[in-house]
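Please read these numbers as outputs of a predicted model, since none were measured by experiment.
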Amino acid sequence: MESITQWFSQNQGMLSHYLLQALFALVIFVIGKMVAESVTKLLKKALAKKAIDKAVSSFIASIAYALLMVAVALMALSQIGVETTSFIAILGAAGLAVGLALKDSLSNFASGVLIIILKPFKAGDFVEAGGVAGSIAKIEIFSTTIKTGDNKVVIVPNSQITGKAITNFSMEKTRRVDMIIGVGYDADLKQTKQLLTDIVTGHEKVLADPAPTIAVSELADSSVNFVVRPWCKTEDFWKVKFDLTEQIKISLDEAGITIPFPQMDVHLHKAENA
């Protein structure tokens with residue numbers, strides 16, 4: 001007992017130093033934990049204001065909190081004299097190994113976060129994305145579910161969507177229907193143009209503003225081609241296209257205006273024998 005008391009008496013300065021360092025380390029850890037929690041709460045509020053999905057915002061906040069706590073722990077250990085360089089090296093190596101093992105999943109997650117933040121489309125939009133065309137059924141962290149026109153459900157990885165062009169057919173309120181109508185070279189162009197104009201402007205779903213475009217676009221090999229470009233509401237696109245295609249064919253037939261097949265005239269010349 002006397003030897004223990006003597007040891008404490010001899011090393012009082014060292015013990016006081018280490019005790020003070022440990023106290024500082026504890027203060028750093030406690031304050032750092034409070035700061036990490038405050039920063040995480042602010043991050044959650046910021047993500048909520050941007051209408052980010054709760055699951056995504058919670059996941060991002062958890063990652064941020066974990067990273068902050070690792071930094072706080074390293075600062076606290078450094079305060080008591082622990083060499084943190086080796087810890088940082090181990091964490092870096094472990095992070096690299098995990099990143100390589102989960103690179104596809106992490107890529108899909110990052111792409112999912114971008115989709116939710118940037119909002120190139122929303123549920124219900126008709127899009128062409130990741131090589132698939134259809135309506136967006138569900139947007140998740142790692143994948144997006146698309147329902148095609150023939151009622152097939154396709155689950156597309158988010159990285160595949162953000163890695164290619166995205167065409168959103170539903171984002172704008174109006175769309176233009178682009179049609180090319182070819183008539184024979186013997187057709188009366190003024191009569192044909194007036195006929196097409198009457199058909200387009202007479203359709204109840206075609207918008208008056210912007211005005212439709214009907215004009216001769218090309219003198220092709222077998223036909224004179226008209227461009228017919230009416231505007232309609234986005235939800236009426238297919239009805240307008242199908243109705244106009246049918247009505248134009250019927251009206252051209254009734255007016256005796258032909259829609260020619262591709263054809264080629266071949267002229268044979270008999271060579272005179274020398």
Side-chain angles (χ1 to χ4, degrees), residues 18-125 127 129-130 135-146 155-168 170-172:
Y18 280 117
L19 183 62
L20 188 61
Q21 293 294 94
L23 182 61
F24 282 150
L26 180 61
V27 171
I28 289 172
F29 184 82
V30 172
I31 295 176
K33 187 173 185 297
M34 294 171 59
V35 171
E37 290 174 350
S38 299
V39 170
T40 303
K41 288 180 181 178
L42 291 174
L43 180 60
K44 282 184 177 180
K45 289 181 180 179
L47 293 173
K49 287 182 179 179
K50 291 185 175 292
I52 305 298
D53 185 84
K54 287 185 178 180
V56 176
S57 61
S58 177
F59 188 78
I60 294 174
S62 298
I63 292 176
Y65 180 74
L67 293 175
L68 288 171
M69 287 306 299
V70 168
V72 169
L74 290 174
M75 290 172 61
L77 290 172
S78 177
Q79 181 63 36
I80 59 176
V82 176
E83 183 59 48
T84 58
T85 305
S86 57
F87 283 99
I88 295 173
I90 293 171
L91 288 173
L96 178 61
V98 171
L100 291 174
L102 302 176
K103 62 178 182 178
D104 291 336
S105 297
L106 292 174
S107 176
N108 288 326
F109 170 76
S111 298
V113 172
L114 286 176
I115 289 172
I116 293 171
I117 292 176
L118 300 179
K119 297 180 180 179
F121 50 73
K122 62 182 184 298
D125 284 356
V127 303
S135 298
I136 299 296
K138 186 164 47 175
I139 305 170
E140 297 179 314
I141 295 177
F142 295 101
S143 63
T144 296
T145 302
I146 299 177
I155 299 174
V156 186
N158 286 331
S159 60
Q160 183 175 324
I161 292 177
T162 56
K164 297 181 180 179
I166 301 172
T167 303
N168 190 331
S170 303
M171 185 170 287
E172 299 295 336

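Annotation for I155: atom CD1 does not count as buried by contact number, only 12 or fewer foreign heavy atoms lying within 6.0 Å.
Summarising the geometry of S111 relative to S159, their closest heavy-atom pair is OG-CA, 3.3 Å, with the distance given to 0.1 Å. For G130 against Q160, the heavy-atom pair with the smallest separation is O-NE2, 2.7 Å. The heavy-atom pair separating N108 from P157 by the smallest distance is OD1-CB, 3.5 Å. Taking every heavy atom of both residues into account, I115 and T162 meet most closely at CG1-CG2, 3.8 Å. Across every non-hydrogen atom of K119 and M171, the tightest pair is O-CE, 4.4 Å.
Contact check for I161 versus F121: side-chain heavy atoms found under the 4.5 Å cut-off. Between V35 and L68, every side-chain heavy-atom pair lies at or beyond the 4.5 Å cut-off. Considering only heavy atoms from C-beta on, V39 stays 4.5 Å or farther from L42 through its side chain. At least one side-chain heavy atom of Y65 sits less than 4.5 Å from a side-chain heavy atom of E37.
Rounded to the nearest 0.5 Å, atoms NZ (K122) and OG (S170) are 7.0 Å apart.
With hydrogens and angles disregarded, no donor-acceptor distance shorter than 3.5 Å links the side chain of N168 to the backbone of V127.
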**Message:** Between V27 and I31, is the side-chain contact (heavy atoms from CB on, under 4.5 Å) condition met? List the steps.
**Reply:** CA-CA 6 Å; V27 171; I31 295 176; 3.5 Å; yes
